[in-house]
Student: 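Okay, handing you the structure first.
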Amino acid sequence: MRKSAYYVTTPIYYVNDSPHIGHAYTSLACDVLARFQRLDGHSVLFLTGTDEHGQKVEKSAAAAGWPPKEFVDEVSGRFRQLSELMNYSNDDFIRTTEARHIRSCQELWRRIAANQSPQGRDNIYLDTYGGWYSVRDEAFYGEAELIKDADGGRLAPSGAPVEWVEEPSYFFRLGDWRQRLLDYYGAPGSGTVMPESRHNEVVSFVEGELFDLSISRTSFSWGIPVPGDDAHIMYVWLDALTNYVTAAGFPDEESETYKTFWPADLHMVGKDILRFHAVYWPAFLMAAGLALPKRVFAHGWWTNEGEKISKSLGNVIEPADIVERYGLDQVRYFLLREVPFGNDGDFSHRAMVGRINSELANDFGNLAQRVLSMINKNCAARMPQAAELSEADKELLDAAHGLSGRVRGEITENHAFHEALNEIWVVVRMANGYVAGQEPWALKKTDPERMATVLYVAAEAIRHLAILAQPFMPESCAKMLDQLGVPADGRDFSCLGPEGAVKPATELPPPEPVFPRFVDDAAED
Ligand code: MSP
């Protein structure tokens, strides 16, 4: 049976600056999900891209002394390179300056404007905006939301500077959509906004005073013109959020892509941009008469060695630097293992090295290396044949066979990537304990048939572990599966279980360590 399609998105990244670890993190989580779903038989659309309009980008281009279009072309390229560097499997990379997106935004605007709110009023009306705006956040703030800096000046709740803006603007009647939004969220635990603490945060925001939202600007021009009134450009968040339907083919609702992938299954975002995704976006979609995303998940933020990451502190973590230093799959593993997904986390050299050496090199790497070396030496480099299975053999095989169900739940339902890895490592450690307890090296002389069975059972457990860890560490697991003699078409989840086992007598290549130890430079500690 064909499984349902799965559409997962990252936020599209502002092109005011180069990619850093925070950007890499959101996309990595989506990549693991996308890879998992593909291996599990789903057709997947995994989208990432760049958010290229608005005042923030316009100002950055001016500061760099570049025309905006040339500037965004350059910086957007750096985010494309991030995808290559991090080995993301995105199916599309959208840029908001593309013609397909401009067409989609203008059509979405027209539909919102053509419809009425649940209170029977026009969704969009023209007025004048007078209020506070933060260019860094690209967000409007009410006076009551602002905080004071040390000198009594006003700041956005995020700490970003704000400026007073007064200009003609179109407004969206957000307040009229309150009850529909609350219905959409459902009860805590409904899974529409996750984790549950974020659900509660969104619900209390929507239950409070929902002001109508200014959705156009007139004081600068770097944006998409409002249909029928090109003195106005669209508010950059309305423009940016629309990328998710553009990439699904909107406004061609009869297209295969749209019918297959919209509504999105999951918008993955950082906690700072939850309000835009969980409040404004579904309200715009409802107003336009389009289907709503099934889920929004907000993850936490990274600090560096305990400090907030910021350019002014000079502690920005560049993905290329850490990949070069620790290795790509090591970084991918660490980011999703170190912190319960949804919580804030701290990046530290010590924690990274600890995980590389104990979990990757010692636990998983050694397990594979030990078993494969013994097969190489003692079984003429061919997959051994199992004889009768003992209780210990069955126990390990059962654990390996049952693993996919547990991992699937953690990844696709709870988005608890750390728990999925934890589940995999329970079996890694069990397999290590099994090998230590069965002592296949001592059986070589006394009972070669039993040795063959033990090595076969261990190899079969490793096959399951490597197949299930592929979404997290694609290159390393591919190497491990090569060494186990698993054919390229035997690596998806339909090959889990006894039927997918490598045939006895299959010739295996010479084993090579997959996860080297990180040898620390003592001067750094
Ligand atoms: N352009 C908007 C998104 C529009 S989506 C329709 C935007 N871009 S961003 O480049 O500023 O941020 C993109 C993502 O990176 C956000 O999900 C944000 O939470 C994440 N991170 C930025 N810094 C981060 C950390 N230090 N830690 C973890 N993630 C953080 O917002």
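Ligands are counted one by one from 1 in listed order, and the atoms in each one are counted from 1 as well.
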Student: Do the numbers put Arg275 on top of the ring of Phe205, so that NZ or CZ is under 6.0 Å from the six-membered ring centre and no more than 45° off the axis?
Tutor: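 Yes, Arg275 sits over the ring of Phe205.
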Student: Of the protein's non-hydrogen atoms, which lies at the shortest distance from atom 27 (N) of ligand 1, and what is that distance?
Tutor: Trp302 N, 2.9 Å
Student: As an exercise, identify every atom of ligand 1 less than 4.0 angstrom from a heavy atom of Asp51.
Tutor: 1 (N), 2 (C), 4 (C)
Student: Classify the ring geometry of Tyr333 against Trp425: parallel below 30°, tilted from 30° to 60°, perpendicular beyond 60°.
Tutor: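 Judged by the thresholds at 30° and 60°, the geometry between Tyr333 and Trp425 is tilted.
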Student: Would you check whether Trp281 reaches within less than 4.0 Å of ligand 1, judged by its heavy atoms?
Tutor: no
Student: Without swapping roles, check the side chain of Asn304 against the backbone of Ile309 for a donor-acceptor pair under 3.5 Å.
Tutor: no
Student: Can you report which non-hydrogen protein atom sits closest to atom 18 (C) of ligand 1, along with the distance?
Tutor: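 Atom 18 (C) of ligand 1 sits closest to the protein heavy atom Asp272 OD1, 3.4 Å.
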Student: Charged N to carboxylate O below 4.0 Å: is that the case for Arg78 and Asp17?
Tutor: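 No salt bridge links Arg78 with Asp17.
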Student: Which atoms of ligand 1 are found less than 4.0 Å from any heavy atom of Leu241?
Tutor: 6 (C)
Student: In terms of the angle between their ring planes, are Phe140 and Tyr235 parallel, tilted or perpendicular, with boundaries placed at 30° and 60°?
Tutor: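 The arrangement is tilted - the two ring planes meet at 30° to 60°.
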Student: To the nearest 0.1 Å, how far is atom 23 (N) of ligand 1 from its closest protein heavy atom, and which atom is that?
Tutor: His20 CE1, 3.2 Å
Student: Can you pull out the closest protein heavy atom to atom 14 (C) of ligand 1? Residue, atom name and distance to 0.1 Å, please.
Tutor: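 Its nearest protein heavy-atom neighbour is Tyr13 CE2, 3.7 Å.
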Student: Which word best sums up how the rings of His267 and Trp281 line up, parallel for under 30°, tilted for 30 to 60°, or perpendicular for over 60°?
Tutor: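 Judged by the thresholds at 30° and 60°, the geometry between His267 and Trp281 is tilted.
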Student: In terms of residue, atom name and distance, what is the protein heavy atom nearest to atom 3 (C) of ligand 1?
Tutor: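 Answer, as residue, atom name and distance: Ile12 O, 3.1 Å.
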Student: To which of Gly22, Ala240, Gly270, Ser310 does the heavy atom nearest atom 24 (C) of ligand 1 belong?
Tutor: Gly22
Student: Start with the C-alpha distance between Leu238 and Phe276, add both sets of side-chain angles, then the distance that settles side-chain contact (heavy atoms from CB on, under 4.5 Å), and finish with yes or no.
Tutor: CA-CA 9 Å; Leu238 172 53; Phe276 301 97; over 6 Å; no
Student: Which of the numbered atoms in ligand 1 are below 4.0 angstrom from a heavy atom of His277?
Tutor: 5 (S), 6 (C)
Student: Taking only heavy atoms of Gly300 into account, list the atoms of ligand 1 that are under 4.0 Å away from them.
Tutor: 28 (C)
Student: Would you kindly check if the NZ (Lys) or CZ (Arg) of Arg355 is within the cone defined by 45 degrees around the ring axis of Tyr326 and under 6.0 Å from the six-membered ring centre?
Tutor: no
Student: Identify the closest protein heavy atom to atom 15 (O) of ligand 1: which residue and atom is it, and at what distance?
Tutor: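 Of the protein heavy atoms, His23 CD2, 3.8 Å lies nearest.
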Student: Taking the six-membered ring for Trp and the full ring for Phe, Tyr or His, determine whether the centres of His53 and Phe220 are under 6.0 Å apart.
Tutor: no
Student: So Phe250 and Tyr258, would you call those rings parallel, tilted or perpendicular, with 30° and 60° as cut-offs?
Tutor: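 Taking Tyr258 first and then Phe250, their aromatic rings sit tilted (interplane angle of 30° to 60°).
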Student: Which bit of Tyr244 is near ligand 1, meaning a heavy atom under 4.0 Å away: side chain, backbone, both or neither?
Tutor: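 It is the side chain that touches ligand 1; the backbone stays farther off.
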Student: Which residue holds the protein heavy atom closest to atom 11 (O) of ligand 1, what is that atom called, and what is the gap in Å?
Tutor: Tyr14 CD1, 3.3 Å
Student: Who's the nearest protein heavy-atom neighbour of atom 16 (C) of ligand 1, and how far?
Tutor: Ile273 CD1, 3.8 Å
Student: Output the list of atoms in ligand 1 that are nearer than 4.0 Å to some heavy atom of His299, sorted by atom number.
Tutor: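 Result: 28 (C), 29 (N).
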